[in-house]
Amino acid sequence: MKILLVIGGGIAAYKAAELVRLIRRDGGEVTCVLTEAGSRFVTPLTLAALSENVVHTTLWDLKNEVEMGHIRLSREADLVVVCPATADLLARMAAGMADDLATTLLLATDKPVLAVPAMNVRMWQHAATVANIATLRTRGVTVMDPDVGAMACGEVGPGRLPEPEAIFAAIRQQLNPPARPLAGRHVLITAGPTHEPIDPVRYIANRSSGKQGFALAAAAAAAGAQVTLVAGPVDLPTPAGVHRIDVQTARDMACAVDAALPCDVAIMVAAVADWRTAESSGQKRKKDGTGRIAPLELVENPDILAGLAHCVARPRLLIGFAAETEQVIAHAQAKLARKGADWIIANDVSGDVMGGANNTVHIVTPAGVESLPRMAKAQVAQAIIEKVAQAIIAKVADAL
Ligand code: C5P
């Protein structure tokens, strides 16, 4: 592998030196480009020694500038890695600037780009950075999510550079994307509504069609996962290669999920009924002719997602959905903490989402919010499963 490594000016720059070592140890070639700020944190000499290669720092010292040396440099690598990608560097990339060697290379390259952000938590969460990252992602740049934790500046939150092993795993994945990135992984998905009986002919339900959950099951199976799909009452065919368990009630669903453990990834898409009747009548409830209706006492159903978050066999990656009709992202952020999930995928169900073919989702994680454009549910599923595969690869590398 040939890597062009652009090193921005952040305290995490020292970890880029370790990344160079990992690439070299694997037999890869690295050419380092330091921004001016980057060279305040790590010296060209250190990088030259570790990479056993010339280190470039300014546009003007490329010997063959008459032959467009910067263009050549930007095209020779298999992959351009920006690490650490500071808020400033990401902003200049998003703006298409070319005011130093690093940004000139990034504008001139025809190779895939992997950006690994690291910055203060508030800078990461600033609307400007969020917009810059969204712009870069829509242009095809792969932007890794930063780690969450204590930072050099003393604050705590998302913004830490991922560990060099995780970055190296992401580099490998970029260069040799496994055709079946979830092979060997067990993915557990719930889908559809639940039906809570009132009596033998009536039940409490909701408008969930199960389409998004079934599309996720299909995408996970196509990515090589062993998929268990616990489905509420829906009228949908079972996707190829998926093990389906049909259930009616929330309690049945909770038991089926429990029995399907352990799993690597759980995606709880089902619109589980929050309540069931305290007692379901064995006989059909009748009008008694008085015009009065016998009250229906409701009790709360078990929360399957929250239960998974706190069980001993907690999945490595636990994802919930949030169907909201207002303040979609704020409610999802609150739900993330309350339920103990790793991600909450928020969707606005005020339109025709429930039962419809399209969906607009926002992936809410402790690192921030990624909003996907309105797409067919199958495409939404594909995008989510790609992100799941990346996260699992990074988590496994982190645990090594
Ligand atoms: O609390 P709310 O129903 O809005 O949370 C939605 C998320 O929680 C979904 O992922 C849903 O599948 C899950 N959930 C659950 N068990 C419940 C209620 C919701 O797993 N009883």
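Whatever order the structure lists them in is the order used to number ligands and atoms, beginning at 1.
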Show which side-chain atoms of residues 106-116 pair as donor or acceptor with protein atoms under 3.5 Å away, not counting sequence neighbours.
unit_1: Thr109; atom_1: OG1; unit_2: Ser74; atom_2: O; d: 2.7
unit_1: Thr109; atom_1: OG1; unit_2: Lys111; atom_2: N; d: 3.1
unit_1: Lys111; atom_1: NZ; unit_2: Arg75; atom_2: O; d: 2.8

Please list every donor-acceptor pair under 3.5 Å in which a side-chain atom of residues 79-96 meets a protein atom from a residue at least two apart or in another chain.
unit_1: Thr86; atom_1: OG1; unit_2: Leu89; atom_2: N; d: 3.1
unit_1: Asp88; atom_1: OD2; unit_2: Arg92; atom_2: NE; d: 3.1
unit_1: Arg92; atom_1: NH1; unit_2: Asp99; atom_2: OD1; d: 2.7
unit_1: Arg92; atom_1: NH1; unit_2: Asp100; atom_2: OD1; d: 3.3
unit_1: Arg92; atom_1: NH1; unit_2: Asp100; atom_2: OD2; d: 3.1
unit_1: Arg92; atom_1: NH2; unit_2: Asp100; atom_2: OD2; d: 3.3

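Checking side-chain atoms of Asp145 against main-chain N and O of Ala367 turns up no donor-acceptor pair under 3.5 Å.
For the side chain to side chain donor-acceptor pair (under 3.5 Å) condition, the pairs that include at least one residue of residues 168-182, sequence neighbours left out, are Asp26-Arg172, Thr142-Gln174.
Classification of Arg276 and Glu279 as a salt-bridged pair fails, no side-chain N sitting under 4.0 Å from a carboxylate O. A salt bridge between Arg137 and Glu370 is present, with a side-chain N of the basic residue lying under 4.0 Å from a carboxylate O of the acidic one.
The residues lining ligand 1, counting any heavy atom closer than 4.0 Å, are Met268, Ala270, Val272, Asp274, Pro302, Asp303, Ile304, Leu305, Gly320, Phe321, Lys335, Lys339.
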